[in-house]
Amino acid sequence: MFRKTPFILVDVFTSKPFGGNQLAVFTDAAALSPSEMQELAHEMNFSESTFVMPPDSSGARRVRIFTPKHEMPMAGHPTVGTTWVLASRGEIALDSKSVDATLQLGIGPVTVTVESRGGKLDFVWMAHREPEFGVKRDDRERIAEALGITAADIRDDLPIQVVSTGFPFIFVPVRTLDALAKCSPNLRALAALFKAGEPRVATYMFVVNGSGEFSARSRMFAPFDGVAEDPATGSAAAPFGAYAATYGLIKPAPKASFLIQQGVEMGRPSEIRVEVARKDGGALAIRIGGRCAIVGEGSMFL
């Protein structure tokens with residue numbers, strides 16, 4: 001006898017259907033085992049799928065996030081998209097223009113903020129923990145080869161560096177939009193960037209605009225997580241905000257806000273808003289956000 005497992009399909013970081021980053025939200029996952037969640041995520045074959053548990057005694061919902069290959073401790077677009085679905089179903093009540101809620105992710109409690117206009121869902125923010133800066137890399141030739149570009153396409157006035165607010169990425173500053181468009185992952189060369197047994201970190205390439213209000217265009221490759229390219233990566237947008245503040249691209253005192261466009265080269269344009277503020281004592285407070293479009297619903301059979 002089949003069990004029906006309901007899901008909702010939502011496009012994240014876009015206000016228009018069939019843009020942004022696809023997400024399947026399994027809204028009643030209490031009866032699912034981790035292996036069944038993994039099977040469903042593999043069957044959906046999106047960058048991530050989420051599985052929502054009933055509220056705990058505090059009212060917070062546990063949300064588990066799976067790529068087609070494995071579980072993730074946190075991710076940006078799944079958190080924003082799941083929050084949007086919960087709010088659209090009335091499971092996060094829109095009692096005021098701005099409502100805070102807590103989701104329990106693999107990294108612990110995460111604050112999400114739901115904004116509404118005229119009682120209608122309008123925008124979702126996700127708070128991120130303080131950034132952690134990892135190793136700087138000076139092997140531009142090898143990284144360029146792994147990305148299908150030349151070393152001259154990578155800026156030499158900004159570092160290539162690993163940064164994380166819960167999930168690490170290698171940030172690669174690219175000079176031009178043409179060079180960004182040329183990027184194509186060389187799997188063997190990408191794998192060779194890491195020592196045996198070392199985690200293979202996803203690669204995030206970005207170009208900043210040359211004039212006017214600060215903004216950026218980006219791409220993200222995570223082939224070792226089963227994601228050839230991601231059309232919107234909220235878990236990278238937040239550490240990129242920290243990178244931008246640290247290396248003088250933005251001034252977070254008291255607060256800076258900017259837009260990242262991603263997914264353009266994939267035909268799934270996305271817009272991620274990033275806010276970075278300098279707290280007393282110098283630490284950074286970062287949140288990322290965007291809009292979503294619900295595009296479908298149904299059930300999977302187990």
Side-chain angles (χ1 to χ4, degrees), residues 21 45-48 65-77 106-107 128-129 131-208 216-247 249 260 262-266 272:
N21 203 345
N45 204 34
F46 295 156
S47 299
E48 287 98 4
I65 304 169
F66 286 78
T67 76
K69 286 190 174 182
H70 57 77
E71 187 169 7
M72 300 274 284
M74 65 84 71
H77 101 268
I107 62 169
H128 280 247
R129 53 172 61 175
E132 297 179 3
F133 284 77
V135 64
K136 292 181 180 178
R137 303 195 62 134
D138 57 7
D139 51 348
R140 275 180 163 72
E141 292 282 355
R142 295 177 65 208
I143 288 173
E145 179 188 1
L147 297 176
I149 55 178
T150 69
D153 290 322
I154 300 176
R155 292 176 61 165
D156 55 12
D157 60 333
L158 290 170
I160 300 169
Q161 188 169 13
V162 174
V163 191
S164 171
T165 57
F167 194 78
F169 296 85
I170 298 176
F171 289 87
V172 182
V174 178
R175 292 188 185 276
T176 66
L177 291 176
D178 286 343
L180 186 69
K182 286 192 303 182
C183 288
S184 179
N186 178 325
L187 295 185
R188 185 173 66 177
L190 274 175
L193 296 176
F194 307 98
K195 298 176 182 178
E198 183 181 17
R200 293 172 174 177
V201 179
T203 309
Y204 187 89
M205 301 74 62
F206 67 89
V207 176
V208 300
R217 181 106 144 250
S218 68
R219 299 178 70 184
M220 196 283 282
F221 301 150
F224 305 113
D225 293 319
V227 181
E229 181 170 358
D230 202 29
T233 316
S235 53
F240 175 67
Y243 177 107
T246 299
Y247 296 111
L249 298 175
I260 298 174
Q262 191 178 337
V264 176
E265 292 78 8
M266 301 176 66
I272 305 173

Atom [atom1] in [X], atom [atom2] in [Y]: separation rounded to 0.5 Å?
X: Asp178; Y: Asp153; atom1: CG; atom2: CG; result: 9.5 Å
X: Ile154; Y: Glu141; atom1: CD1; atom2: CD; result: 8.5 Å
X: Asn21; Y: Ile272; atom1: CG; atom2: CD1; result: 8.5 Å
X: Ile149; Y: Arg140; atom1: CD1; atom2: CZ; result: 10.5 Å
X: Phe240; Y: Ile260; atom1: CZ; atom2: CD1; result: 5.5 Å
X: Lys136; Y: Leu158; atom1: NZ; atom2: CG; result: 10.0 Å

Flag side-chain contact, heavy atom, 4.5 Å: [X] against [Y]:
X: Gln161; Y: Thr246; result: no
X: Leu193; Y: Asp139; result: yes
X: Tyr247; Y: Pro173; result: no
X: Asp230; Y: Gln262; result: yes
X: Thr203; Y: Pro185; result: no
X: Asp225; Y: Phe167; result: yes
X: Pro159; Y: Tyr243; result: yes
X: Phe194; Y: Ile170; result: yes

Measure across [X] and [Y] and return the closest heavy-atom pair with its distance rounded to 0.1 Å.
X: Met205; Y: Phe221; answer: CE-CE1, 3.4 Å
X: Ala146; Y: Ala189; answer: CA-CB, 3.6 Å
X: Ala75; Y: Ser235; answer: CA-CB, 4.0 Å
X: Gly166; Y: Pro73; answer: O-CG, 4.4 Å
X: Thr165; Y: Met74; answer: O-CE, 4.1 Å
X: Arg175; Y: Ala152; answer: NE-O, 2.8 Å

- Among Arg219, Glu265, Glu229, side-chain contact (heavy atoms from CB on, under 4.5 Å) partner for Cys183: Arg219

- Specify whether Phe169 and Tyr204 have parallel, tilted or perpendicular ring planes, treating 30° as the upper limit for parallel and 60° as the lower limit for perpendicular. perpendicular

- Query: Under 3.5 Å, is there a donor-acceptor pair between the side chain of Arg217 and the main chain of Leu180?
  - Reply: no

- Message: Please check: side-chain N/O of Arg142 versus main-chain N/O of Ala192, any donor-acceptor pairing under 3.5 Å?
- Response: yes

